[in-house]
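Worksheet for the structure shown next.
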Amino acid sequence: MRVRQRAVIEVSGRELDDVLEEAGVGTPVYVYDADLAVKRAREYLEAFSWFPGDVHVCYAMKANFNPHLVEHILSETRAADVVSLWEMKIAVEAGAKELVVNGNAKSDDELRAAILNSWIINVDSMEELRRVERIARREGERARVALRVNPEIDPDTHPHIATAVEESKFGVNLRDAERVCRAMIESEHVEFLGVHYHIGSQITELEPFIEALRSVRRFLEETGLVEELRYLNVGGGLGVPYRPDEEVPRPKDLAEALRDDLRDLHSESPGFDLYLEPGRSIVGEAGVLVTRVRQIKEEGGRKWIFVDAGMNALIRPALYDAYHEVVVHGGDYLETEKASIAGPLCEMGDVLAEDREVPVNVSEGDLVVFLTAGAYCESMASSYNCQPIPGAVVVRDGELAGIREVQSYDAFRNLWE
Ligand SMILES: Cc1ncc(COP(=O)(O)O)c(C=O)c1O
C-alpha cells in the first residue's frame, strides 16, 4: 500500500482546479481569496480600535490594484493610499471615500486632483510644498497637507524596500522637517495637518516600528509641533510569512507595540487621528500565481522545471531575492527531489525558485503554484519579452467575483494603435 500525500490548494474554501475550470481562464493566472484579504483588513481595524481618536486604515493600492479585489478590501477600510492618478481613479471607483496621496514626485495633475477632492497630500519636500501652494492658489483652494518625514531607521529588509534610511529619496529628515512644517503652518494656501512616515516594507520585527514612532514623537514634542497635530500617519510595512515556518507580527502585535507611545502622544495632543497604510499585510497571503509546466529539462546534474510565466509575472525573486513557496497542485509529495523552477524569458534572472523539493513525477501540464503572491506581483507584472499579462480570478465566499482573461495578442498590440 502507498500512502499518498496530495498537495491541494484551496481558495475561499474551493479547490483551485475547480475554480479555474469554472472561471474558464488559462494560465498563467493570479487567483485571489478575497475573504482572506477582507479578514486582514478587519484585523487592522480591530487591532487599533483602542485608539482614542479616529483610525483610518488606508489600503496601499500599490500592493495590488486589481479592481475586482480592491473593492472587497475597500468595503472594509473605505480609505486608500494612492501614488498615481490611475490608482486614485481605481480606488474611488472601488468605493474609497478617503484617499491619502503619496509619492516623491507627484505630477501636477495628481496634486490638482488631490486638492480639488480635499484628499490629504503627504508632501515629500519643501520644493513640493511650493508646487502644491502654486496649484492650490490657481484653483482657489486650500490644500490639506502633511509632511513626509524621514526618521532614518534601517529595518532589516531588502535595500530596495527600506524607505527611511539616511540616503533615502523619500521625505525630509527630522533635522530639517520643522522648517517645512512651519512653512506649511504659515502658508495661506495649505492647511497643515501633521506628519507622515513609512519606513519600508516586509518588516518582520516590531522594533523598527517602535523606534520610528519614538523618534517622530520626540521630534513633535521638541519642536512644539505636537500642539498642531491633527494627523499622524505611521505608514505600512508589516511583513507576511513567505516561508511555511516563518512567524511574523500581525496587526494586533503592531498595535500593541505602538500602544503606549500613541496613547501618550494622544493625551498630549488629543486632536489627532491615526492613519495607517498597510498593503502587503492585507493582500500578500490572499493570492497565488498559478503557472503550468511547459517543459522539464535535466542539465549539468540539475533538474529544471520550466513554467509558462517568468519574471514578467513574478518579479520579486529577481528584484528582491525574494522567496515564494512553490507547490505542485495535486502533486504527490511522498517521493520528492530537488529542482529549480524558471520561466521562459531570455534572461538569466528569470529563475523563480531555486533548489526546491518537488514530486519526482512532476510532468508537463501540471499546475505549479507560487504562494503568497497577492502583493507586488500582479501590480508589478510587465510585458517583457512580449509575454502576456497573466489573468486574474477573484473568489469571494466561494463564488467567482471577478475574472480577467490572460492578456490576448490583440489587447497587447492595441496599446500602440
Ligand atoms: C508610502 C508608502 N505607504 C505604504 C506602503 C505599503 O507598504 P506595505 O505594502 O509594506 O504595507 C508603501 C510601500 O512601500 C509606501 O511606499
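The first residue of the sequence shown is numbered 1, and numbering continues consecutively from there. We count ligands from 1, going down the list as the structure has it; atoms in each ligand are counted the same way. Since this is a predicted model, take the numbers as computed values, not measurements.
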Worksheet item: atom 10 (O) of ligand 1: which protein heavy atom is closest, and how many Å away?
Response: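 Answer, as residue, atom name and distance: S201 OG, 2.4 Å.
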Item to complete: For the residue pair F48 and Y44, categorise the inter-ring angle as parallel (less than 30°), tilted (30 to 60°) or perpendicular (more than 60°).
Response: parallel
Item to complete: Give a yes/no verdict on a cation-pi contact between R404 and Y30, requiring under 6.0 Å between NZ or CZ and the six-membered ring centre and an angle within 45° of the axis.
Response: no
Worksheet item: Taking both backbone and side-chain atoms of G279, is any N or O found less than 3.5 Å from an N or O belonging to ligand 1?
Response: yes
Worksheet item: Taking both backbone and side-chain atoms of H196, is any N or O found less than 3.5 Å from an N or O belonging to ligand 1?
Response: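 Not met; the criterion fails.
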Discussion item. Are H266 and F51 an aromatic pair, judged by ring center distance below 6.0 Å?
Written reply: yes
Item to complete: Apply the side-chain contact (heavy atoms from CB on, under 4.5 Å) test between W119 and each candidate in E98, M88, R144; give the one that qualifies.
Response: M88
Enumerated ligand 1 atoms positioned under 4.0 Å from heavy atoms of [X]:
X    : result
P278 : 11 (O)
R148 : 1 (C)
D81  : 2 (C), 3 (N), 4 (C)
N102 : 1 (C)
Y376 : 6 (C), 7 (O), 8 (P), 9 (O), 13 (C)
R280 : 8 (P), 9 (O), 11 (O)

Worksheet, complete the sentence: Closest non-hydrogen contact found for A309 with T291 is CB-CG2, 3.8 Å
Worksheet item: Between E277 and N102, do the side chains contain an N or O donor and an N or O acceptor separated by less than 3.5 Å?
Response: yes
Worksheet item: Any chance the side chains of Q202 and Y320 put a donor and an acceptor closer than 3.5 Å?
Response: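 Side chains of Q202 and Y320: no pair found under 3.5 Å.
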Worksheet item: Under 6.0 Å from the CH2 atom of W50, do we count more than 12 heavy atoms belonging to anything else shown?
Response: yes
Worksheet, complete the sentence: Nearest heavy atom to atom 15 (C) of ligand 1, choosing from Q202, E277, H198, belongs to H198
Discussion item. Looking at ligand 1, would S281 count as a contact under a 4.0 Å heavy-atom criterion?
Written reply: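 Not so, S281 does not reach ligand 1.
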